[in-house]
Every structure is written in C-alpha cells, then in structure tokens.
Amino acid sequence: MEADRIIITLPDGSQRDYTAGTTGLEIASSIAPSLAKAAIAIEIDGELRDLSRPVDKSAAINLITRTDDKALEMIRHDAAHVMAQAVQELFPGTQVTIGPVIENGFYYDFARNAPFSTDDLAAIEKKMRQIIEQGAPFERDVWERDQAIAYFKDKGEYFKAELVEDLPESETITIYRQGDWLDLCRGPHMPSTKHVGQAFKLMKVAGAYWRGDSSKAMLTRIYGTAWRNDQELKEYLTMLEEAEKRDHRKLGREMDLFHFQEEAQGSVFWHPNGFVIYNELESYIRRRLRDEGYKEVKTPQLIDNKLWEKSGHWGKFRENMFVVPDEVPSTDDDKPVISGEGRLMAIKPMNCPAHVQIFNQGIKSYRDLPLRMAEFGCCHRNEAHGALHGLMRVRQMTQDDAHIFCREDQILDEVKKFVALFYAVYKDFGFEDISIMLATRPAQRAGDDAVWDRAEKAMADALDKLELPYEIAEGEGAFYGPKYEFHLRDAIGRSWQCGTCQLDFVLPERLGAAYIGEDGNRHTPVMIHRAVFGSLERFAGILIESYAGKLPLWIAPVQCVVATITSDADEYAQALYQKLFDLGLRVEIDTRNEKINYKVREHSLAKVPVMFVVGKREAEEQSVAIRRLGSNGQEIKSADEAIESLAQSCKAPY
RNA sequence: GCUGCUGUAGCUCAGUGGUAGAGCGCACCCUUGGUAAGGGUGAGGCCGGGAGUUCAAUCCUCCCCAGCAGCACCA
C-alpha cells in the first residue's frame, strides 16, 4: 500500500481508502452528501475531532450527527462560546474566563466590574440568536504559547493569559475563531455557530469564584441550557417546573410538616405531621441497628473544649462549632452579659469523641471487638449562611450515627456488612439510584502510606465483592481515613450526600482508645464512622421530594381520614375512627359541614393516602367506601375487612 | 462567608411618594350534599428592622437581618 493512502473503517465494519489528509467532511461527502450535511464532528479511534481537520492515518471513524448523544455536548459547548462572544460584544471590557458544558447545559464565567442582571439575559440571548443566525464557521488555529499569552495580555484578558500560562508544556495551544471573535479552547467544535440551533435559553446569573477558590476573585457566571430541538428544550423546562412543585420546603409548608424562622435559622421546627416522619425513620433504623449488633448510647450535648482540643476538632473544625461559656450571665445592665472568663464548652458537632469516652471506660479485650456503638446524636454545626438549605443543610441535625471499634483485619468484614445494611435500608425506601464515591487520601493527612494503602484497598474490595459500581474521588477523603460517600439526588437534580462510611486511624489514637490483643499487648482499634441516613433531617427532605409528598403508608403523617358524607353517618364514623386509633394508626376524622367533594379534594391535596368515606348507606351496611390517593375509583369493603387490611398495609417494611 | 436577586394578610401574589388590595385559607350563618372547590357574611397587615431624604415613605437612598439561586464548604 502506498504511504499516503489510509484505510478508514466505518462503524458498520466496512472499509474505504482515502488519501492521507482527507478531512472528516470530505469523508462524509464521499459516503453520502446527506451525511456531509448532517455531520457535525468526527470520532477518530474514539477521539472527537472537528470535521474540518485532516485525517492522517488509518483509523476507525464515526461521523457524529445531531441525533448523537455527543452532539448535545457539542451544542452546549458551542453555545457557551457564542454566549461569550455575545457578552463581549454587548459589554466591552468584560473578560472571559472559562465556559464548560455541564449537565443539562453550560455556563460561562465572566469578569466584569458591574455584575450582570437578569434583565441583561434577554439582550444577551437576542445577540446570541443573531450570532447563530450569521453562522460563522468555527476555525481552529494552533498558537505558540508565548504568542497566546502576549495576545491575551495585550487584549486585557488576564484570566485567559493565566490559563495559558498554567497549561502543561506538552499541551498544544489551540484557538477557535468564530468570525472576528476567538477563544482559547481545546475543541472540538461543530462546523459553524449555526449548528448550535435555537433551542437554548439563558437561565440565571450567579457568582462563582475564579478557579473555584474562595480566596480568589468573584466572577459572574451565566448559566444556560441548550438542546437539540425545541421539543427537548420544552420538556426540560417542564421538568424543572414539575421539580419545583416537589421541593420539600414547599411541601413542608403545604403539608404542615415543619417550618424555619429567623430566630433559629437553620434549625427545624418540626410540626406534629413532620415529626411523625422523623420518628418513623428513627424507630425504623433503630430496629435495623439492633439486629445488626449495634448498642445504642446517649452522650452529652455540651462538652468542655479540652476534649475537642484533644480530639483535633478544635483545630480542624472550630469555625463550625458553637461555643458556650460555662458562666452565669450577668444581671447587671452596666456589665457585659458574659465576662469571658468562664471555661469554654462546645456544643457537640459530632458524636465520635464522646463514643471513644465510652469505649475507654474499663479495659477492652480483642474479644469485645468489633464493638458497634450507635447514637441518634443531635449535633450542631455552624454552617455558613449561604450553605443552609431547608432540611438538606441545617445547623442542628440528628445523625443515625454509629462508630464501630474494630481491629484492622476486621475492617473489610465490617465495611461489607455496613454496605449490605445500607442497601437493604435504601431499598425499603425505594431508592435504587445511588451513586457511591470512594474518597481517597487527601494531600494533608495523618497516618502513613502503608496504612492508607490497606484501608483504601479494603474499602475498594468491599465494593468489588458486593459488585457495586463506584467512582473514585481522588484526594477527597477525610484527613483521618478514606471514606465512602453515598449520594442521592433531590427533586431539582442536586446531589446530596446521605450515607457515609469513614475509616479512622487517628481519633482512637488521639483519645487513647486501646484494647488488649491476643498477644497481651495494648493495641489501638480502628474506628469506622458510619451513617445510613446521614442526618434524619436531610433524609426526610430527600424522602419528601422523592415521593412528591405522597409518602408510603407506614411513614405518612396521617394514614387515613374517615370522612362523612352527611351528618347521619357521624356516629358510625366516630366508631370507625376509634377502632383505627386503637390499632395505633394515625387517623383523623372529618365530620365537618362540607360536601364530600370538598373533603376529598382537601385531603387529596394534603396527600392523605387513604380515605374511609362513609354515608348513610355505609352506616347501615357497616361498610366503608375506600378511596386511595391517586386513584379515582372507590372500593367498598366491610368495615372489619377495611380496617384489617389498612392496618396490615400500614406496617413498616422492617 | 462571597456575588446577585427578593422581603406586602396564615399561604400565593398585585399595588402606590398622601399609612393598602385579590384569590385561597380562617370564623360565623345558610345548605345534609355520594368521591378533587355549594352560597353568603366577616375578621386578619408596624408593607423584614434601623437610619436618612421629604410637608409626607410600604414605595427613593444607605446600613443591618432573613430568605432564594449559584459559588465555596459539607450529613
């Protein structure tokens, strides 16, 4: 074969030969003119490239068209470039920084003296539509590093210059032009701005730190969403609207579950309805833990900071701790309330040091291990104001916390047991879509590398043995050990860490925990910090959103409402109510002077799962018309049967 | 904590430089109605807090506080 010929393998396995240097577009045209028109990029041996770039060696290729999933990313990426151009044309002097593709869209961070307002979005969007309409081709250039730096500095684009400076020496510096505008970019891009299409929308503006570092400049970020066609865009926007409706903060108000108020920001006022959910969660997990060999304890809320100094929290976690002086406040108006001379106590932000105190009472033998200590510990953390978010991020929270004290050779077994428990629990709540991160050693850490090697391996092995997929979060582990993070998504697509499992080689040592080994010597146990729900508050929030308020019977705040059609049935309804109540069900009675339509509507909106509707007929026949939330029909049963089957279906899954 | 936006009745929201309005909810009356809104009447507001401008501020300005979105941080 001649040296300048190349063999191109198509996805269907067929092969064609071309002159080396033929562009992707030319290959597409040679296959079919329609393909040349539809293609937006080419994949060469799995690597996405511009259609205009020459192919210089034999390869397997795949021509990407708009219907391809990869097209979506390119549309968004190109949209980000178009947005940056639009912004710079409308607001001269604005510096561009970075603009990546994200889930459902893209953003671009700008540096500008005056921030953008939501009103600017309309103008920017309009400009974008013009740029797209003009359809300038995306053109790729390779620049010399110094040339690029000089160019950007000269243009006053200092952030871009910094980006170029920080690129590794080996990196080819590429520039993409669209008409008169250009940006530093790795590519690839679609053939022209026109390919972005018009199915996009700018969503919001927000601040974001340069390079994600809170000590660096605050930039203005503009978020946008972009799709292949209007239909997809519309579906996405509708999805967002639906998601908003199940926001737990909104449902919490509507269903009278809880509230927050200024005087206790970030701390929940649980109403009777909401506290049912909380209590059901707690007693459910308590039953689980009991059967898994955990022993429950209760430890102090207020502990002298000397202990926190010893545990290391004072050093590492102080900015998140509430401190309380152990001092009688002054009643003298002329003096400050607190002199500051009393010793300092801290409200516990975590339970672990207290659990070690219990472990340390008496002498422990290796025979006592593993020792599993659980506590529904109420912890306070002084979270940054901006971090607070309904039940998901609070300042006072209760964890289903436990610490397992064990030997290093017991880690694998304990971790496996925990993960199995974790999955059993989540299954009971209908959560299947859980993402697991294995967070590995951070740059700043305690313990030597050999210990970390073993710990990380044990944690990876446990997941492998259970055949669970996970991602590695490099360097995200705690300073004292690696950890699993179990994430669930909320209604709006935000991901929240719920369960966790962390190995700790440091705290037991710092607090002097020890056991007598088989060899008669003292050894330091390993500690595993673990929580299934994470915090009861957050888990309740996730549950509410996941079920859109329509909680399973066993957790529903009100399981059944007995509603009358006419006052003739009041007495009968009262008797039904009493029977259900005596069975321990959460039942309410509605004998109000309202029409049944009204009652049905009201209790349906309140998301009561079951209604027992009774009128004159039911009273005479000793029957019940059962109406279930979400179904339009009704089911007639004898009173005894209805009560029995309701009681059955209200049972917790464990 | 940072950037931006918001704060009017229990809830959702109008509104104006001359101290306020709707719908829902709530209370009372009429209505006893068969599975998602029967009718009438009425009570509810220090217009987030403080200062300033003004004859006059819920509205304009500034400062606080809180909420929301994002960032950073995290269960």
Exercise. Which part of the nucleic acid, if any, lies within reach of A:Leu219 when heavy atoms closer than 4.0 Å are counted: base, sugar-phosphate only, or nothing?
Worked result: nothing
Problem set entry | Presence of donor-acceptor pair under 3.5 Å, side chain of A:Ser567 and base of B:U32 | yes
Exercise. Of the nucleotides B:A75, B:G34, B:A66, which one has an atom closest to the side chain of A:Gln265?
Worked result: B:A66
Exercise. B:G15 and B:C73: how far apart are their C1' atoms, nearest whole angstrom?
Worked result: 41 Å
Exercise. So, does the side chain of A:Arg393 form a donor-acceptor pair with the base of B:C73 at under 3.5 Å?
Worked result: yes
Exercise. If we take the P atom in both B:C47 and B:U8, what is their distance in whole Å?
Worked result: 11 Å
Exercise. Got a salt bridge between A:Arg249 and A:Asp247, using NZ or NE/NH1/NH2 to carboxylate O under 4.0 Å?
Worked result: yes
Exercise. Between A:Arg76 and A:Phe106, is NZ or CZ placed under 6.0 angstrom from the six-membered ring centre and within 45° of the ring axis?
Worked result: no
Exercise. Does any donor-acceptor pair link the side chain of A:Glu383 with the base of B:A75 at a separation under 3.5 Å?
Worked result: yes
Problem set entry | Passing candidate, ring-ring contact (aromatic ring centres under 6.0 Å, His included) with A:Phe258, options A:Phe269, A:Tyr278, A:Trp270 | A:Trp270
Exercise. Would you find more than 12 non-hydrogen atoms of other residues, nucleotides or ligands less than 6.0 Å from A:Glu254 atom CD?
Worked result: yes
Exercise. Within the structure, does a side-chain N or O atom of A:Arg627 lie under 4.0 Å from either OP1 or OP2 of B:A36?
Worked result: yes
Exercise. What distance, rounded to whole Å, do you find between the two C1' atoms, one in B:G25 and one in B:C11?
Worked result: 7 Å
